[in-house]
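Note sheet for the following structure.
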2 protein chains.
Amino acid sequence: MHELLITQMSYLIRMSDEEKEWIRQRFEIKTYQKGEYFLREGQVCREAGFIVEGMVRYVLTKDNGEELTVDFNKEMEYTCNYASFLDKSPSESAIQCIEPTTIIVISYDDLQELYEHFTEGQKFGRLICEFLYVQAIKKVQSLYTGDPERRYLQFLDVYSNLVPRLPQYYISSYVGVQPPSLSRIRKRLAK
Amino acid sequence: MHELLITQMSYLIRMSDEEKEWIRQRFEIKTYQKGEYFLREGQVCREAGFIVEGMVRYVLTKDNGEELTVDFNKEMEYTCNYASFLDKSPSESAIQCIEPTTIIVISYDDLQELYEHFTEGQKFGRLICEFLYVQAIKKVQSLYTGDPERRYLQFLDVYSNLVPRLPQYYISSYVGVQPPSLSRIRKRLAK
DNA sequence: TAAATTTATTAACCCAGGTTAACGAACGGC
DNA sequence: GCCGTTCGTTAACCTGGGTTAATAAATTTA
C-alpha cells in the first residue's frame, strides 16, 4: 500500500532506505465510503493525502447553495486543499469521496519534517507544487479561452476513462454549466 | 536594485553573504519600454524575473485572434510563464510590459543552481511555488463561483490602486467579458 | 421484480453577455 | 493647441446558457 506511494515519490526524488521506512511509518491509511468527506468546507485541511484507490471530487458551494464540482482526483494522485493546508485557513472547498476510497495521509507537521529532514525533501515539495501549479494555470487558461462545449471535449479527451465512473451532473459543473445545458451541448455534438 | 530582490527573498529564506553576492552577479537587469514583450507567445520562457519597476500583463490569444488579459504583475512581484519555463515548452501566453518596466532576471540553469546550491534553495523554490499555486487556485474558484460583476468588484477590491494604471479593456478581459459588457456592469453598479 | 429514488433529457421562456457599429471623450504626438 | 488615434459608452439585435417543470431513463432498494 505504502509501496505505491514510494514508487510514485521515486519518480521525483531519491530516497534512502531509512527514508522509505519513515514513510511507511508516518503515512496513515484511511478508508472512506462513497459519499464520505475527506475534508469538509470550512474545516482546516490538516493532512495531505495520496489516493491508493477510489476517487474524490472538489466541491465549491456557491452563495445560493449550489454545489459545483471543480476537479477530480483518482488513484495514484495526491489530494489536498493546499490553500487551506498551507496557511491553516478554513477551506473554501470540500473534498468528497465519490467511490469507496483508500487514502494514505500525512499530517502537516510530519510533512514539514519530511521537507526538512529528507535529503531531497524540499525538492520533493517543490516538484509536487510545480506540477500542481502548472495544472492550475492550464485550468485558468481553459476557463478564459474555451467555451463550455470546448471544455467538455477537452474533458472527454483527458478523462474519457473516468466518464463511466461519474454522474453527468458532476461533469456539467466541471465544464461550467447546468445539466440541461450539457445535455444541449451533447445533442449539438451528436450531429 | 538587486537589494530589493534580496530583501524580498529574505522574507522566505535565510541567505549567507556569499549567496547574496551570487544573486547580485547572476540576476541580470533588463529594461523594457511600454508595449515591449518580456515573453512572446510560442517562445520558450528561458528566464524568471523579479519586477523592480513597472507592470506586465499576461496575454492569451484565442483561436479567433482575440487577445485576453488574464493577469497582471507589478513592481516587487515575480514574473514568469512557469508552465513554459519548467518544461521548456512553447508558452501559450505572452508577457507584455504595459509600462516602462525594469526586471531583474535569472536564467533557467542559474535558477536550478540556486535551488541546488543555496542552503535553502529548494525551500525557496517550494515557497514561491506554493504562493503562486494558491493564487491560481483562488482564481479558478472565482471563475467558477463568481459572475463577471462579482469578479469586477473583487478586482476593484484587490487592485484598486492599479486601476489608474490600466485601460479598461484590460480589466474587462481580466473579468471575462467584452468591453461593452463591462460598461453595462459599471452602469448597473452606478445606481 | 416492482417500487422508489435518482439522474438525464427535453421544452419554454428569460436574460446577461456577445457582436457590430456609431458616437463622443480622452489621449498622444507634433 | 490641433489633429489623429485610441478608448469608453451606448444602442440594437442575436445567441447560448439559466431556470423551471415535466417526462423519461437508469439505479437502488425492498
Side-chain angles (χ1 to χ4, degrees), chain A residues 33-36 55 57 59-70 72 96-100 142-156 159 162-191, chain B residues 33-36 55 57 59-70 72 96-100 142-156 159 162-191:
Chain A
Q33 299 185 316
K34 179 175 176 173
E36 274 193 283
M55 193 166 171
R57 69 177 186 127
V59 189
L60 281 180
T61 306
K62 290 175 70 169
D63 291 350
N64 61 17
E66 186 191 341
E67 280 193 352
L68 300 181
T69 300
V70 301
F72 305 99
Q96 184 184 29
C97 301
I98 58 179
E99 296 179 349
S142 95
L143 289 167
Y144 266 109
T145 63
D147 53 22
E149 177 173 322
R150 193 193 185 93
R151 276 196 297 281
Y152 178 61
L153 290 170
Q154 287 173 346
F155 175 84
L156 292 182
Y159 292 114
L162 292 191
V163 174
R165 298 163 67 180
L166 293 174
Q168 196 150 298
Y169 59 91
Y170 287 170
I171 301 176
S172 78
S173 83
Y174 178 91
V175 161
V177 296
Q178 296 293 323
S181 193
L182 181 57
S183 273
R184 288 187 282 238
I185 289 169
R186 286 160 55 81
K187 199 176 181 182
R188 279 205 305 268
L189 291 172
K191 295 185 292 205
Chain B
Q33 299 185 316
K34 179 174 174 173
E36 275 193 282
M55 195 165 170
R57 68 177 185 127
V59 189
L60 282 180
T61 305
K62 290 176 68 170
D63 291 350
N64 61 16
E66 186 190 341
E67 280 193 351
L68 300 180
T69 300
V70 301
F72 305 99
Q96 185 185 29
C97 302
I98 57 179
E99 296 179 351
S142 95
L143 289 168
Y144 266 108
T145 64
D147 53 22
E149 177 172 323
R150 193 193 186 94
R151 276 195 297 281
Y152 177 62
L153 290 171
Q154 286 174 345
F155 176 84
L156 292 182
Y159 291 114
L162 293 191
V163 173
R165 297 163 68 180
L166 293 175
Q168 195 150 297
Y169 57 93
Y170 287 171
I171 301 176
S172 79
S173 83
Y174 178 90
V175 162
V177 295
Q178 296 294 321
S181 194
L182 181 56
S183 273
R184 288 187 281 239
I185 289 169
R186 286 160 56 81
K187 199 176 181 182
R188 280 205 304 268
L189 291 173
K191 295 185 292 203

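Values below: all heavy atoms of this structure, side chains included; hydrogens, waters and symmetry mates excluded. Keep in mind that what you see is a predicted model, and the values were worked out from it rather than measured. We name chains A, B, ... by the order of the sequence lines, and we start the count at 1 in each one.
In the set C:dG18, C:dT19, D:dG18, D:dG18 carries the atom at the smallest distance from any side-chain atom of A:Q178. Across D:dT10, C:dT9, D:dG17, the shortest atom-to-atom separation from the side chain of A:S183 is found for C:dT9. Set against D:dG18, C:dT10, C:dG18, the side chain of A:P180 has C:dT10 as its closest nucleotide.
Among B:P167, B:P179, B:S181, the one residue that satisfies the side chain to side chain contact (heavy atoms under 4.5 Å, CB included) test with B:S172 is B:P179.
Nucleotide D:dG18 holds its P atom 7 Å from the CZ atom of A:R184, rounded to whole Å. Rounded to an integer number of Å, the gap from CG of A:L182 to C1' of C:dT10 is 14 Å. Rounding to whole angstrom units, NZ of residue A:K187 and C1' of C:dT9 are separated by 8 Å. Computed from coordinates, the B:Q168 CD to C:dA25 C1' distance equals 13 Å when rounded to whole Å. What separates CD1 of B:I185 from P of D:dG8 is a distance of 15 Å, to the nearest Å. One atom, CZ of B:R186, and another, P of C:dG17, lie 15 Å apart when rounded to the nearest Å. The interatomic distance linking B:D147 (CG) with D:dT19 (P) rounds to 11 Å, in whole Å. Protein atom NZ of A:K34 is 14 Å distant from nucleotide atom C1' of D:dT29, rounded to whole Å.
Residue order along DNA chain C, read from the 5' end via each residue's closest nucleotide, puts A:Y170 first among B:P179 and A:Y170.
The number of heavy-atom neighbours closer than 6.0 Å to NZ of A:K34, taken from other residues, nucleotides and ligands shown, is 12 or below.
Considering only heavy atoms from C-beta on, A:V177 stays 4.5 Å or farther from A:R151 through its side chain.
No donor-acceptor contact under 3.5 Å links the side chain of A:R188 to the base of D:dG16.
In this structure a side-chain-to-backbone donor-acceptor pair under 3.5 Å is present from A:S173 to A:T69.
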